[in-house]
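To keep things clear, I will list the structure first and then write my remarks on it.
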Amino acid sequence: AALQALKRKKRYEKQLSQIDGTLSTIEFQREALENSHTNTEVLKNMGYAAQAMKKVHENMDLNKIDDLMQDITEQQDVAQEISDAISNRAAFGDEFDEDELMAELEELEQEELNKGMRDVRLPSVPSTSLPSRPGKLPACHFTFLMIKPCSSTRKRAEDEDEMKKLAAWAS
């Protein structure tokens with residue numbers, strides 16, 4: 001009886017293995033069928049989309065589209081020109097040549113500089129002669145960018161005031 005039970009167990013295990021293999025095969029086939037169905041639906045929908053796109057594009061010509069895009073660009077340019085014309089203030093005689101304006105400005109600046117230079121009083125020329133040996137200059141002499149007059153301190157103060165005015169005008 002034990003031997004019979006063992007044989008039955010072995011048969012049942014073999015049947016179980018066969019059933020398991022069959023179930024795996026059926027499951028694989030079911031998945032393949034589902035994928036085939038999905039692929040078929042996708043392909044069908046892609047066909048519908050292609051047909052719809054053909055219908056939409058039937059009346060479209062690439063040259064017509066190119067012409068249309070050029071027309072749109074031209075109209076945008078016209079609209080921009082109109083907008084620019086409206087937004088710019090009315091220039092009735094306001095257009096000036098910038099080179100002429102710069103030349104006039106330089107001329108005015110030169111006149112102002114000349115007027116300022118006329119008002120500058122230079123110190124008097126010293127009446128003493130220059131020394132024969134170098135190194136010994138008289139008390140009145142010119143140094144780099146600074147004038148030292150030989151006259152009194154009052155004259156020196158006036159000259160310094162004028163130099164300050166000139167420096168203020170130049171800056």
Side-chain angles (χ1 to χ4, degrees), residues 23-126 130 134 137 139-171:
L23 284 176
S24 293
T25 302
I26 290 173
E27 189 175 332
F28 176 75
Q29 287 179 342
R30 183 185 58 84
E31 288 175 2
L33 282 173
E34 285 177 0
N35 286 337
S36 295
H37 179 68
T38 302
N39 290 340
T40 304
E41 288 297 315
V42 167
L43 188 60
K44 200 182 329 178
N45 286 324
M46 287 174 69
Y48 293 146
Q51 288 174 358
M53 287 175 66
K54 277 183 184 178
K55 284 182 181 178
V56 168
H57 292 140
E58 273 179 2
N59 298 326
M60 289 188 195
D61 180 18
L62 193 56
N63 292 329
K64 288 180 184 177
I65 293 170
D66 221 12
D67 292 342
L68 179 65
M69 293 307 295
Q70 286 178 352
D71 289 345
I72 289 172
T73 302
E74 287 173 10
Q75 291 307 312
Q76 286 176 336
D77 290 344
V78 168
Q80 184 63 41
E81 288 176 13
I82 291 170
S83 177
D84 289 345
I86 291 173
S87 65
N88 287 339
R89 62 185 179 93
F92 300 111
D94 280 352
E95 296 298 318
F96 298 107
D97 183 17
E98 192 155 327
D99 292 335
E100 288 178 15
L101 290 175
M102 290 303 291
E104 186 175 343
L105 178 63
E106 288 176 11
E107 187 178 310
L108 289 172
E109 287 175 344
Q110 186 62 41
E111 285 178 16
E112 188 68 28
L113 180 64
N114 290 343
K115 187 195 303 183
M117 293 302 286
R118 276 187 238 128
D119 296 339
V120 173
R121 291 187 331 165
L122 295 175
S124 58
V125 177
L130 293 174
L137 293 175
C140 109
H141 63 277
F142 294 98
T143 60
F144 185 74
L145 295 177
M146 175 140 320
I147 301 173
K148 292 187 178 180
C150 299
S151 52
S152 69
T153 57
R154 190 188 83 184
K155 176 132 173 78
R156 186 177 303 148
E158 287 175 7
D159 289 343
E160 286 176 4
D161 286 343
E162 288 180 19
M163 289 302 286
K164 286 179 185 176
K165 288 178 186 176
L166 184 60
W169 176 85
S171 61

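All heavy atoms count here, side chains included; hydrogens, waters and symmetry mates do not. Position 1 is the first residue of the sequence, and the numbers go up from there.
For the pair L108 and E112, the minimum side-chain heavy-atom distance is 4.5 Å or more. For the pair I72 and M69, the minimum side-chain heavy-atom distance is below 4.5 Å. By the 4.5 Å heavy-atom criterion applied to side chains, K54 and Q51 are not counted as neighbours. Side-chain contact between D77 and T73: present, with at least one pair of heavy atoms (C-beta onward) separated by less than 4.5 Å.
Judged by distance alone, with hydrogens and angles left aside, the side-chain atoms of S83 form no donor-acceptor pair with the main-chain N or O of A79 at under 3.5 Å.
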Practice task
Apply the test side-chain contact (heavy atoms from CB on, under 4.5 Å) to residues L33 and H37: give CA-CA distance (whole Å), side-chain angles for both, the deciding distance (0.1 Å), then the verdict.
Solution key: CA-CA 6 Å; L33 282 173; H37 179 68; over 6 Å; no
Handout entry: side-chain hydrogen bond (donor to acceptor under 3.5 Å, both in side chains) evaluation trace for N45 with E41
Key = CA-CA 6 Å; N45 286 324; E41 288 297 315; 4.7 Å; no
Can you give the donor-acceptor pairs under 3.5 Å from side chains of residues 162-170 to other protein atoms, not counting sequence neighbours?
| from | atom 1 | to | atom 2 | distance (Å) |
| --- | --- | --- | --- | --- |
| E162 | OE1 | R121 | N | 2.8 |
| E162 | OE2 | R121 | NE | 3.2 |

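For residues 56-72, no pair satisfies salt bridge (Lys or Arg N to Asp or Glu O under 4.0 Å), with sequence neighbours left out.
By the salt bridge (charged side-chain N to carboxylate O under 4.0 Å, His left out) test, E34 pairs with R30, sequence neighbours left out.
Residue M60 holds its CE atom at 10.0 Å from CG of L68, rounded to the nearest 0.5 Å. Rounding to the nearest 0.5 Å gives a distance of 10.5 Å between CG of N114 and CD of E107. Here the straight-line distance linking atom OH of Y48 with atom CG of L43 works out to 10.5 Å at 0.5 Å rounding. From N39, atom CG reaches atom CE of M46 across 10.5 Å, with rounding to the nearest 0.5 Å.
When each of Q110, E111, E109 is paired with L113, the side chain to side chain contact (heavy atoms under 4.5 Å, CB included) condition holds for Q110 and for no other.
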